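First the structure, in the form of structure tokens, and then the observations on it.
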Amino acid sequence: MTTEAASYFSSELLGWYRGNKRDLPWRLNRDPYRIWVSEVMLQQTRVDTVIPYYERFMEKFPTAAALAAAPEPEVLKCWEGLGYYSRARNLQTGAREVVERHGGAVPDDKEAVSSLRGVGPYTAGAIMSIAFNKPEPAVDGNVMRVLSRFFCLEDDIAKPATRVKIEKLAAALIPEGAAGDFNQALMELGALVCTPKSPGCLTCPVMLHCEGRMAGKEHVLPIKTKAKPPRPETRLAALVVGSGEHAGKVLVRQRPASGLLAQMWELPHVLAPQAGEAAAQKAAAGCGRKRARGAQLSVSGSQRSGGDPAQMDQLCRLLAQEEGLLIRPVSWWGETEHIFSHIIWDVQVYQAEFGFRLKDGEPQTALDQTQAAESLVPYEIDTGSSELPTNYRYIGVEEMSELAFPNVFLRILRDYWELTE
DNA sequence: AAGGCGGGGTC
DNA sequence: GACCCAGCCTT
């Protein structure tokens with residue numbers, strides 16, 4: 001790369017940015033805490049999605065000290081629906097580190113910022129450059145795409161080594177005294193013009209010297225190996241409506257502190273033994289049961305009508321086995337699909353009653369298919385153990401505003417309460 | 001280096 | 001319905 005090419009690119013881009021930048025809430029000022037929060041939210045998340053979350057979050061936790069002092073469930077609730085919830089926990093941990101180590105002020109030192117929980121190379125560069133105007137690169141997916149195209153780089157951007165290489169390139173392009181604007185300009189161009197699918201080359205400020213376009217490769221760059229497809233899972237969920245003192249309330253549980261959807265609340269559910277096996281059982285059972293009530297939230301299959309005695313049996317057995325939760329599934333309620341990056345959940349929701357167990361006592365191996373199809377599993381009231389496991393509780397609709405649920409269960413619960421009003 | 005970790009959008 | 005969007009952490 002010649003110095004003329006670099007200065008052409010940088011000055012054209014900077015000029016374009018200053019005339020075209022969007023008005024975004026985190027561009028109101030240069031408060032490093034505000035920049036930090038925005039950058040964490042913007043990881044893997046689009047601007048339009050982030051804006052309302054950002055406004056709410058900043059109102060509730062306006063400073064690192066406020067965030068550090070907040071109860072964790074409140075932070076999680078504020079993040080509800082945004083995804084990748086470890087970001088929220090890490091951000092709060094980072095805020096506590098800022099309070100303890102730096103008296104509540106985000107440090108303007110690269111190493112100190114990088115050592116904060118949840119702050120990696122990209123976020124550190126973004127904070128250093130945008131908040132403090134220090135000449136550090138901030139290379140995200142936008143930047144890798146823009147620079148891959150402009151310099152016609154054929155490196156696979158899915159490889160960690162490529163990010164390191166592009167960081168060096170990006171660092172060399174930063175104009176004197178304009179690190180913050182330049183880094184934002186790169187990302188803004190990637191978001192508005194140099195888009196993944198159909199890049200708007202004709203409106204691009206650096207089109208004339210774009211090597212990728214000159215080579216006719218703007219549509220094939222950047223090179224990126226595909227992620228492997230998500231694995232399908234069938235999840236059997238219990239919609240348990242309480243009686244007596246819990247009348248009208250629904251039984252929910254909190255997930256473990258680590259792993260998928262950590263600390264979030266949900267309906268009790270189990271992994272159906274085998275996707276293929278379950279499908280075979282379903283076919284053998286000839287499930288033509290009519291829907292009891294409740295909407296079919298979304299349809300993943302073609303003309304399946306839902307509800308399967310073998311699944312009801314599995315739900316009862318596995319909840320007892322895994323959680324010590326005794327319930328009796330009564331009827332199929334609905335179905336919804338939920339797509340994560342690495343898993344696809346097909347969630348089958350069954351209405352269930354609390355306090356029942358299988359007559360034959362101890363959980364057995366999978367019930368014989370024919371038996372499952374032709375007879376209902378025999379249940380009896382369990383008088384002895386009607387206690388809930390400790391991570392379980394009954395909630396009314398009002399308590400939905402206090403507990404954080406992933407979207408898939410928010411959809412189910414909102415639908416349920418809408419129907420029972 | 002590879003995989004876990006949510007939830008969206010476009011065409 | 002098939003495609004796309006990705007940064008930090010753990011292993």
Side-chain angles (χ1 to χ4, degrees), chain A residues 36-53 76 78-94 97 113-127 137-146 148 155-164 166-167 170 183 187 190-192 194-200 219-233 235 255-266 298-302 336-345 347 404-411:
Chain A
W36 179 17
V37 172
S38 76
E39 291 300 341
V40 172
M41 283 192 174
L42 288 163
Q43 290 166 10
Q44 296 90 27
T45 314
R46 304 179 125 74
V47 164
D48 290 341
T49 306
V50 164
I51 289 173
Y53 282 91
L76 200 56
C78 214
W79 210 272
E80 178 186 75
L82 202 51
Y84 286 119
Y85 300 97
S86 68
R87 289 184 295 172
R89 270 193 313 279
N90 289 342
L91 181 59
Q92 188 179 33
T93 302
E97 290 166 353
V113 168
S114 297
S115 76
L116 298 172
R117 185 83 188 168
V119 177
Y122 164 74
T123 308
I127 294 172
V139 175
D140 70 349
N142 286 308
V143 175
M144 288 201 282
R145 185 172 58 252
V146 168
S148 290
D155 306 73
D156 181 355
I157 64 166
K159 298 225 177 297
T162 303
R163 200 210 75 236
V164 175
I166 294 184
E167 267 176 358
N183 284 345
M187 294 187 271
L192 300 180
C194 196
T195 50
K197 285 289 208 167
S198 44
H219 291 284
V220 301
L221 292 174
I223 307 292
K224 186 182 183 183
T225 53
K226 291 187 197 306
K228 66 173 191 184
R231 66 174 189 273
E233 280 185 5
R235 290 274 158 180
R255 296 180 62 91
S258 64
L260 183 68
L261 302 169
Q263 304 270 75
M264 305 283 285
W265 291 80
E266 63 181 7
S298 80
V299 187
S300 62
S302 42
T336 187
E337 187 187 64
H338 192 64
I339 302 173
F340 301 89
S341 345
H342 54 314
I343 315 171
I344 299 183
W345 274 1
V347 183
F405 290 84
N407 275 353
V408 54
F409 293 106
L410 277 180
R411 288 199 302 271

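Lettering follows sequence order; numbering is per chain, from 1. Computed from a prediction, not measured in an experiment: that's the story for all the values here.
- Where pairing requires Watson-Crick or G-U contacts shorter than 3.5 Å, the helical stems of DNA chain B with at least three consecutive pairs are B:1-5 with C:7-11, B:7-11 with C:1-5.
- Computed from coordinates, the A/Arg163 CZ to C/dA6 C1' distance equals 12 Å when rounded to whole Å.
- Separating the C1' atom of B/dT10 from that of C/dG7 is a span of 22 Å, rounded to the nearest Å.
- Of the listed nucleotides (B/dG7, C/dC4, C/dC8), C/dC8 has the atom at the smallest distance from the side chain of A/Pro121.
- Checking B/dA2, C/dA6, B/dG7 against the side-chain heavy atoms of A/Lys159 singles out B/dA2 as nearest.
- Rounded to a whole Å, the NZ atom of A/Lys228 is 5 Å from the P atom of B/dG3.
- In the set B/dC5, B/dG7, B/dC11, B/dG7 carries the atom at the smallest distance from any side-chain atom of A/Phe340.
- Residue-to-nucleotide proximity on DNA chain C shows that, of A/Ser341 and A/Arg117, the 5′-proximal contact is made by A/Ser341.
- Put simply, CG on A/Leu192 is 14 Å from P on B/dT10, counting in whole angstrom units.
- In the set B/dG4, C/dC3, B/dG7, B/dG7 carries the atom at the smallest distance from any side-chain atom of A/Leu261.
- Residues A/Leu82 and A/Tyr85 share a closest heavy-atom pair of N-OH, 3.8 Å.
- Between the side chains of A/Asn90 and A/Arg87, no donor-acceptor pair is found at a separation under 3.5 Å.
- Interface remark: the A/Gln44 side chain does form a donor-acceptor pair with the C/dG7 base, using a distance-only criterion of under 3.5 Å.
- Between A/Val119 and A/Arg145, the residue whose closest nucleotide on DNA chain C is further toward the 5' end is A/Arg145.
- Minimum atom distance to the side chain of A/Thr45 is reached by B/dG6, of the listed B/dG6, B/dG7, C/dC8.
- Counting to the nearest Å, the P atom of C/dC8 and the CD atom of A/Gln92 are 19 Å from each other.
- Classified by interplanar angle (parallel below 30°, tilted 30° to 60°, perpendicular above 60°), the ring pair A/Trp345/A/His338 is tilted.
- Relative to the side chain of A/Pro160, the nucleotides B/dA1, C/dC4, B/dG8 differ in distance, and B/dA1 lies closest.
- With C/dC5, C/dC3, B/dG8 as the candidates, the nucleotide lying closest to the side chain of A/Lys226 is C/dC3.
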Checklist entry - Would A/Trp36 and A/Val113 satisfy side-chain contact (heavy atoms from CB on, under 4.5 Å), going step by step from the backbone distance to the final call? => result CA-CA 10 Å; A/Trp36 179 17; A/Val113 168; over 6 Å; no

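- A donor-acceptor contact under 3.5 angstrom links the side-chain atoms of A/Tyr84 to the base of C/dA6.
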